[in-house]
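Take a look at the structure set out below.
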Amino acid sequence: MVPNGFLTAAVLGAGYIGLLTSLFRWCAASKQSHVLALDCGGVERCAPCKARRFHMSLAVGLAVALFCLEASGFMFLARLIGFPATCPASWLPLYGCTLSLAHAQPGASTAAGLLLGCVMVLLIARRAMPGSAFYPLTLLLIGIISVGAAVDLVAGSSAPARPQLVLRLATGLQVTAAVAFVLGLMILRGWSLAAFIRAVTAHAAGAGVRALGVLSMLAVWPHLPPASAIALLIAFVLVPGIATALTSVAALSTSQQVVR
Amino acid sequence: MLVLEGYVLLTVALGLALAARQLVLAWNVENSGPVHIEEGAGGFRTHDDWPTVTVLIPAHDEERVIAGCLEAMTALEYPRGKLSILVINDRSTDCTGVIAEGLAKSNPCVKVLHRAPTARAGKAAALGDGMALSASEVIVLFDADYLPPSGLLKELVRPFADPQVGATMGRVVPMNSDANLLTRLLDLERRAGYAVDQTGRALLRLVPQFGGTVGGIRRAALDSVGGWNVGHLAEDTDLTFRLVLGGWRVAYLNHARCHEEVPEDWASRFRQVRRWAYGHNQCLLDHLGAVLRSQRLDPAQKLDAALILTFYAFPVLALLGSFAVIPLLAFGGEHGLIGGGWSWAGPLLGLAVLGPHVQVMIAARADGQHHILRVLPLLFVSSCLSLLASAAGAALLLRDRLCGLSLGWDKTRRYRSA
């Protein structure tokens with residue numbers, strides 16, 4: 001059991017947002033031109049790739065290994081912080097894991113507070129970032145969280161949402177990231193050692209960011225009414241999690257060693 | 001709860017179908033030979049073979065860009081005496097008409113049609129008026145901010161050597177991709193849409209879309225399907241489906257490229273997608289039944305056409321689905337497909353999300369510009385905007401259908417000068 005859920009959530013959440021922001025900044029900071037010349041041939045195919053079948057097997061094996069490593073690493077980290085997760089012996093690391101978190105009986109006031117927070121963030125965003133690239137995203141996330149809080153206010157339920165949902169969502173993101181890794185390698189032909197190291201490093205960085213997001217959700221989970229918790233999980237972890245799943249592809253794109 | 005669960009499952013199924021379609025097209029492009037689809041090769045060998053062409057340029061308040069556009073148009077290579085250029089000064093309140101007239105004086109093949117302020121608004125209405133002044137066999141369309149290279153016109157006309165071809169479509173390439181994050185993300189979307197999605201459809205002989213610009217239309221084909229539909233905001237999509245249902249083919253030419261401007265601010269992009277969503281959903285309501293009943297389309301073409309038609313309806317379903325899934329997961333318990341099945345739904349949805357990203361990766365590699373993928377993880381940012389704008393477009397269409405109203409044409413802002 002986590003002794004001080006809010007403090008843990010605040011620390012992990014701050015770390016998550018900080019790292020996510022850094023990741024976004026890095027992705028947006030590309031200096032090379034994107035403009036495509038009209039006269040370029042653009043007829044670029046991989047000439048007979050003799051070792052393609054071997055590469056595909058290698059990439060799939062790598063993806064499974066990366067997924068298992070990430071899932072195991074995540075569970076290790078979760079137990080280290082103090083989340084009592086129990087998992088059956090399975091080849092799929094997070095599948096079937098259970099987690100029993102002490103429930104703090106959050107009332108309607110938590111949902112009302114969340115709704116009020118959404119309104120305040122909306123007002124601040126409208127003033128501070130109407131022209132920003134992230135303004136529509138902010139609106140969407142606020143909308144999702146508001147719906148969750150409103151559902152809690154209407155339903156008046158304080159029964160907790162199942163924490164297993166957090167683990168299952170984490171599995172979803174991990175699978176997506178592993179598949180993106182394979183696809184990146186296959187499509188961009190990142191078979192050089194330098195490109196491969198970049199991709200693995202970026203994948204690990206993405207996994208770290210994801211883990212922080214999921215752990216911060218677990219920390220705050222017992223203090224949230226069910227629908228609010230689900231909405232926060234979607235808005236805070238799932239939507240930005242897509243970006244963390246694609247870090248390996250972004251890293252491969254910067255490699256000069258990519259073989260065409 | 002049961003209704004909510006059914007709705008979410010339907011949305012997930014549609015999302016997976018759309019993603020599967022994207023992946024099939026990507027797979028096909030990835031495993032095809034060089035992506036240079038030869039259309040009409042061998043036709044139009046001599047000067048006399050080439051058809052007469054009118055280039056139509058609808059222009060509403062385009063004083064910033066019309067001069068540069070006309071300069072590029074007058075440099076187009078085409079057999080002498082067979083090309084005319086018609087600028088449709090569509091109720092402009094700025095100097096568009098004056099600039100166009102000035103350029104027309106120095107070039108006899110350029111004509112200007114001035115539409116009165118009281119004329120019906122909208123691109124389709126303007127094109128209809130322009131068509132009335134042209135007797136050419138082929139009409140080629142460009143927006144007023146486009147800068148075609150000199151050889152483009154012949155590329156767009158060449159496929160008409162095949163009598164089955166009713167329309168041709170070239171590839172639109174953003175020229176201002178480096179302006180900011182939004183333009184870079186839109187560049188990724190454009191590349192996936194043209195270099196993979198349109199190319200894949202052309203390779204599989206499915207239903208490539210006529211995009212209303214950088215494209216040509218056979219006059220006889222247009223007349224045979226009843227001309228422009230002035231009631232549609234997505235007149236290009238509407239025409240695509242009427243042509244296909246009428247037995248004509250749309251030829252997509254990935255190598256026939258033209259530069260355009262993409263929106264540099266989020267408000268303009270929002271209005272653009274909202275307009276597209278409105279028009280596209282009009283087409284969904286008008287053509288889905290005819291597509292499914294068509295005797296001319298084979299099952300693969302029907303499926304492709306139906307999925308294209310639902311493209312702008314899906315974001316609305318997905319947005320509502322993301323709201324509906326909240327109570328399902330919160331109160332649904334361990335049972336039920338959504339509540340208990342999150343373990344499969346999560347990974348499946350994750351894979352569905354990868355569909356458009358895979359298309360972008362393949363497009364970037366085909367263009368030889370891997371470096372653009374650095375911004376790929378942020379693609380979800382522009383997708384969120386499209387989600388909201390599509391929902392707004394669908395809501396407006398619903399309102400207008402219920403109240404008997406119609407949405408006015410909303411011009412996309414231009415950023416460059418000349």
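Here is the naming used below: chain letters follow the sequence lines, and residue numbers restart at 1 for every chain. Computed from heavy atoms alone, side chains included, the values below leave out hydrogens, waters and symmetry copies.
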Engaged part of T244(A) at the chain B interface, taking heavy atoms whose separation is under 4.5 Å: neither
Checking heavy atoms, do the side chain of L388(B), its backbone, both or neither come under 4.5 Å from chain A? side chain
Let me know if A177(A) has heavy atoms under 4.5 Å from chain B in its side chain, its backbone, both or neither. neither
Counting only N and O atoms by type, is there a donor-acceptor contact under 3.5 Å from the side chain of R374(B) to the main-chain atoms of A251(A)? no
Give the minimum heavy-atom separation between A133(A) and V381(B), together with the two atoms involved. O-CG1, 3.2 Å
Main chain of S30(A), side chain of R184(B): is a donor-acceptor contact present, judged purely on distance under 3.5 Å? yes
For L387(B), is it the side chain, the backbone, both, or neither that has a heavy atom closer than 4.5 Å to a heavy atom of chain A? side chain
Which region of L379(B), side chain (C-beta onward) or backbone (N, CA, C, O), has a non-hydrogen atom less than 4.5 Å from a non-hydrogen atom of chain A, or is it both or neither? neither
Does L140(A) reach the side chain of F380(B), with side-chain heavy atoms less than 4.5 Å apart? no
Can you tell me which portion of H371(B) sits under 4.5 Å from chain A's heavy atoms? Options are side chain, backbone, both or neither. both
Output for pair (C384(B) SG, L141(A) CG), nearest 0.5 Å, gives 6.5 Å
Which portion of L376(B) sits near chain A, non-hydrogen atoms under 4.5 angstrom: both
Is the closest side-chain heavy-atom distance between L252(A) and M361(B) below 4.5 Å? no
Below 4.5 Å from any heavy atom of chain A, which atoms of I372(B) appear? Answer side chain, backbone, both or neither. both
Closest heavy-atom contact between I326(B) and A227(A)? CG2-O, 3.4 Å
Quick check on the interface: out of S132(A), G184(A), G131(A), who has the most heavy-atom pairs with chain B under 4.5 Å? S132(A)
Please evaluate residues H259(B) and V35(A) with respect to the criterion side chain to side chain contact (heavy atoms under 4.5 Å, CB included), reporting the C-alpha separation (whole Å), side-chain torsions for both, the decisive distance (0.1 Å), and the verdict. CA-CA 10 Å; H259(B) 271 152; V35(A) 179; 4.1 Å; yes
Check whether R191(B) gets within reach of chain A through its side chain, its backbone, both or neither, counting any heavy atom under 4.5 Å. side chain
For the residue pair V325(B) and I234(A), establish whether any side-chain heavy-atom pair is separated by less than 4.5 Å. yes
Close side-chain approach of H357(B) and L183(A), heavy atoms under 4.5 Å: no
Mind checking whether L38(A) and V173(B) have side chains closer than 4.5 Å, heavy atoms only? yes
Measuring from atom CG of L36(A) to atom OG of S177(B), what distance do you get when rounded to the nearest 0.5 angstrom? 8.0 Å
Proximal component of D265(B), with respect to chain A [non-hydrogen, under 4.5 Å]: neither
Specify the closest pair of heavy atoms between P136(A) and W266(B), including all atoms of both residues, with the distance to one decimal. CG-CE3, 3.8 Å
Enter the distance from L329(B):CG to L169(A):CG here, rounded to the nearest 0.5 Å. 9.5 Å
Judged by atom type as modelled, is there a donor-acceptor pair below 3.5 Å linking the side chain of H34(A) to the main-chain atoms of N176(B)? no
Quick one: of A231(A), S33(A), P240(A), who has the most non-hydrogen atom pairs under 4.5 Å with chain B? S33(A)
State, to 0.1 Å, how close P377(B) and A243(A) come at their nearest heavy-atom pair, and which atoms those are. O-CB, 3.2 Å
Walk me through it: do V375(B) and F24(A) pass the test side chain to side chain contact (heavy atoms under 4.5 Å, CB included)? CA-CA 8 Å; V375(B) 81; F24(A) 288 180; over 6 Å; no
Side chain / backbone / both / neither for M175(B) at chain A, heavy atoms under 4.5 Å: backbone
